[in-house]
K.L.:
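Have a look at the structure that comes next, please.
Residues take their numbers from the sequence shown, with the count starting at 1.
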Amino acid sequence: MRWITWLVTGALFMEILDGAITIPAIPAMARDFGVTPLALNVGISAYLLAVGIFIPASSWIADRFGSRRVFMSAIALFTLSSVLCGLVRSLPGFVVIRIVQGISGALMVPVGRLVILRQTPREKLMAAMSALVWPALVAPVLGPPLGGLISQHLGWQWIFLINAPLGLVAWLAAWRIIPDVRAEELTGFDWSGFLLCGVGISLLLTALEKLESSADAVSLVSGLTGLALIALACRHFLRSSAPMLDLAALRIPTFRFAMLSGTLARMAIGAVPFLLTLMFQLGFGDDASTAGLLVLALFAGNLLMKTMTTRVLREFGYRQVLLCNGALCALTLLGCAQLQPADSPVLVVPLLIAAGMTRSMQFTALGTIGFADVPKTMMGHANGLFNTISQLGMAAGITVASVSVRLAHGGPSHALAQPIIEDFHSAFIVLALMVVASLAGVVRLPAHAGQDFIQRRSDG
């Protein structure tokens, strides 16, 4: 199980990194494709839409065709599409390949997570889930500076081509160690739920992506329609005898907390690398390399906290850690709202390390407590819900950060003007308030929530 956990963690890291590492290469890709950099956003959006549409169906597909076959096929398809992205020479071809890559990504990681959730003994599940949180923290931080270096010195094509040897190793490892698990009783595919949920998610993700740059009537109508279809999908899931996603896991207090209050906090935490990178470049006037190096301080904090996360949770318990660390996390975000271009790195770097530490602890605690009380029989549907909501939460967090900057700068009428440092300060305050708001859900948690999951020592 340790090797399976490492393999799935590596696959998750490769998938998240693929999105973050591409951003610095957009100008070079646009020149080669003969389009504007803004036009390349359609390739990024196509990938996110494909992931969002197919993630809810991943558990059913794994149960129908077997986890090993689906996981290996997803790795092969993800690797092949990565290579083709490096070889393609036109924007339409790039968009089609990114859709295929998104479908493979929607199956690769959720199915791998499902194997771990179902196969790992309960006494070792906390450590396995903690490992799976790591890529979501690290990849968005390492991606931009790594993408800039590769694009500048090797060419943007190698951002995609580098996945070929990694994918081959992962495919061979999956063939050797991934068990071929499938459901004993398989229901028919829920086409009504798939279409309602898929179209709703695609409309909502499209609206969130457009709201990052401008708020217009089309974006708002798209978002509201997406929310309405998702609500209809939930109504269908509650009434169907064989839903694609069973919402019964939301009756479990710890899982419901992770999906509601936890998602609010993850939205804020997940937007931090994005907002810092923009603030250092547009607010401080730093170049991309300097901004990337400063944001790496978050990674140092993540790495430092990772060595003690499980021990701290076992010592103090989820509720106390989430409350105290959540407050510290909000304080570090407020600290980021005080940074000025003239500040010395001696001040900036320790603050970012502290932000990385609190970010890591909160993200890990929120990412593991959700499965503390979920029985093995419900892991498939709980995993599908977690992945679907997390995908929407990531996009929503970036949108909230972007919209906060734009509104602080004067709203849509000033959308083309470059934001100033005070605009980013306002956005960090918004993120801090989101973390504080999420603590209301922590207060309602039972004092010993998740205690058995982390095997908290009785001697405290």
K.L.:
Measuring only between side-chain heavy atoms, which start at C-beta, is M279 closer than 4.5 Å to H425?
P.N.:
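With C-beta onward as the side chain, the pair touches.
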
K.L.:
Which heavy atom in A46 sits nearest to a heavy atom in I99, and how many Å separate them?
P.N.:
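Of all heavy-atom pairs spanning A46 and I99, the closest is CB-CG1, 3.7 Å.
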
K.L.:
Using every non-hydrogen atom in the two residues, find where M267 and A396 come nearest and quote the distance to one decimal.
P.N.:
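It is CE-CB, 3.7 Å.
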
K.L.:
Do Q281 and T277 touch side chain to side chain, with heavy atoms closer than 4.5 Å?
P.N.:
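Yes, close enough: below the 4.5 Å cut-off.
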
K.L.:
Does any part of the side chain of C197, heavy atoms only, come nearer than 4.5 Å to the side chain of M244, both counted from C-beta?
P.N.:
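They are in side-chain contact.
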
K.L.:
What verdict does the side-chain contact (heavy atoms from CB on, under 4.5 Å) test give for F274 and L278, after you've listed the backbone C-alpha separation in whole Å, the side-chain angles of each residue and the deciding distance to 0.1 Å?
P.N.:
CA-CA 6 Å; F274 163 80; L278 284 183; 3.5 Å; yes

K.L.:
Report, as yes or no, whether the 6.0 Å neighbourhood of atom CD1 on I162 holds more than 12 heavy atoms from other residues, nucleotides or ligands.
P.N.:
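Counting other residues, nucleotides and ligands, CD1 of I162 stays at 12 neighbours or fewer.
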
K.L.:
Does S426 use its side chain to pair, donor to acceptor, with the backbone of E422 at less than 3.5 Å?
P.N.:
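Yes: the side chain of S426 pairs with the backbone of E422.
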
K.L.:
Would you name the heavy atoms of L294 and V349 that are closest together and state the gap between them?
P.N.:
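Shortest heavy-atom contact: CD2-CG2, 4.3 Å.
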
K.L.:
Mind checking the CD1-CG spacing from I230 to L203? Nearest 0.5 Å is all I need.
P.N.:
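It is 8.5 Å, given to the nearest 0.5 Å.
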
K.L.:
Looking at side-chain heavy atoms only, is the closest gap between L385 and L247 below 4.5 Å?
P.N.:
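Side-chain contact under 4.5 Å: yes.
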
K.L.:
May I ask you to decide if V199's main-chain N or O and S202's side chain share a donor-acceptor pair within less than 3.5 Å?
P.N.:
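The answer is yes, because a donor-acceptor pair under 3.5 Å joins these two groups.
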
K.L.:
Kindly say whether T399 contributes a backbone atom to a donor-acceptor pair with the side chain of S402 at under 3.5 angstrom?
P.N.:
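No, S402 side chain to T399 backbone: no donor-acceptor pair under 3.5 Å.
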
K.L.:
Using a 3.5 Å distance criterion without hydrogens, assess whether the side chain of N325 forms a donor-acceptor pair with backbone atoms of L322.
P.N.:
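Judged by distance alone, no pair lies under 3.5 Å.
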
K.L.:
Any heavy-atom pair between the side chains of D190 and W60 that's under 4.5 Å?
P.N.:
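Result no, sub-4.5 Å side-chain heavy-atom pair not found.
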
K.L.:
Can you name the nearest heavy-atom pair linking T206 to S222, along with the distance?
P.N.:
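Nearest pair, atom of T206 first, then S222: CB-OG, 4.5 Å.
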
K.L.:
Where do Q101 and C85 come nearest, in terms of heavy atoms and distance?
P.N.:
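So the minimum-distance heavy-atom pair works out to OE1-SG, 4.0 Å.
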
K.L.:
What are the two closest heavy atoms between S438 and L264, and how far apart are they?
P.N.:
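Looking at all heavy atoms of both residues, the shortest contact is N-CD2, 3.8 Å.
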
K.L.:
Test side-chain contact (heavy atoms from CB on, under 4.5 Å) on L431 and V435 and set out the steps.
P.N.:
CA-CA 6 Å; L431 297 186; V435 174; 5.9 Å; no

K.L.:
What I'd like to find out is whether the side chain of V348 reaches to under 4.5 Å of the side chain of F280, using heavy atoms alone.
P.N.:
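Yes, at least one pair of side-chain atoms sits under 4.5 Å.
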
K.L.:
Does any non-hydrogen side-chain atom of P446 lie less than 4.5 Å from one of T254?
P.N.:
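With C-beta onward as the side chain, the pair stays apart.
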
K.L.:
Can you check whether F237's main-chain N or O pairs, donor with acceptor, with S240's side chain at less than 3.5 Å?
P.N.:
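No; judged by distance alone, with no hydrogens or angles, the pair does not exist.
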
K.L.:
After noting the C-alpha distance and the side-chain angles of L107 and F71, does the key distance pass the side-chain contact (heavy atoms from CB on, under 4.5 Å) rule?
P.N.:
CA-CA 7 Å; L107 298 177; F71 191 68; over 6 Å; no

K.L.:
Is it true that S82 and N163 share a donor-acceptor pair across their side chains at a distance under 3.5 Å?
P.N.:
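Result is yes, a qualifying pair exists.
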
K.L.:
Could you check T364, V321, N302 and say which one makes a side chain to side chain contact (heavy atoms under 4.5 Å, CB included) with T309?
P.N.:
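When side chain to side chain contact (heavy atoms under 4.5 Å, CB included) is applied between T309 and each of T364, V321, N302, only T364 qualifies.
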
K.L.:
I'd like to know if the side chain of H448 and the backbone of G317 have a donor-acceptor N/O pair within less than 3.5 Å.
P.N.:
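Not a single qualifying donor-acceptor pair exists.
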
K.L.:
May I ask you to check whether F371 and F386 place their ring centers less than 6.0 Å from one another?
P.N.:
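Judged by ring-centre distance (under 6.0 Å), F371 and F386 do meet the cut-off.
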
K.L.:
Can a side-chain donor-acceptor contact be found between T368 and Y318 if the only test is distance below 3.5 angstrom?
P.N.:
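Present: a donor and an acceptor within the cut-off.
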
K.L.:
May I ask you to decide if G356's main-chain N or O and S360's side chain share a donor-acceptor pair within less than 3.5 Å?
P.N.:
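The answer is no, because no donor-acceptor pair under 3.5 Å joins these two groups.
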
K.L.:
From I75 CD1 over to L77 CG, what is the distance, rounded to the nearest 0.5 angstrom?
P.N.:
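It is 11.0 Å, given to the nearest 0.5 Å.
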
K.L.:
I'd like to know whether L352 forms a side-chain contact (heavy atoms from CB on, under 4.5 Å) with L276, so could you lay out the CA-CA distance, the side-chain angles of the two residues, the decisive distance to 0.1 Å, and finally the verdict.
P.N.:
CA-CA 10 Å; L352 296 184; L276 278 173; 3.8 Å; yes

K.L.:
To the nearest 0.5 Å, tell me how far R235 CZ sits from L229 CG.
P.N.:
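Atom-to-atom, R235:CZ and L229:CG are 13.0 Å apart.
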
K.L.:
Taking R256 for the side chain and L250 for the main chain, is one N or O donor matched with an acceptor at less than 3.5 Å?
P.N.:
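Between the backbone of L250 and the side chain of R256 there is a qualifying donor-acceptor contact (under 3.5 Å).
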
K.L.:
In this structure, is the centre-to-centre distance between the rings of F54 and F194 below 6.0 Å?
P.N.:
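Yes, the ring of F194 comes within the 6.0 Å limit of the ring of F54, centre to centre.
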
K.L.:
Should I369 and L445 count as side-chain neighbours, where that means a heavy-atom distance under 4.5 Å?
P.N.:
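Counting from C-beta outward, I369 and L445 do come under 4.5 Å.
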
K.L.:
Given 3.5 Å as the limit, does a donor-acceptor pair link the side chain of T388 with the main chain of G384, or not?
P.N.:
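Yes, because the side chain of T388 sits within donor-acceptor range (under 3.5 Å) of the backbone of G384.
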
K.L.:
Taking the side chain from R266 and the backbone from A258, do they hold a donor-acceptor pair closer than 3.5 Å?
P.N.:
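The answer is yes, because a donor-acceptor pair under 3.5 Å joins these two groups.
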
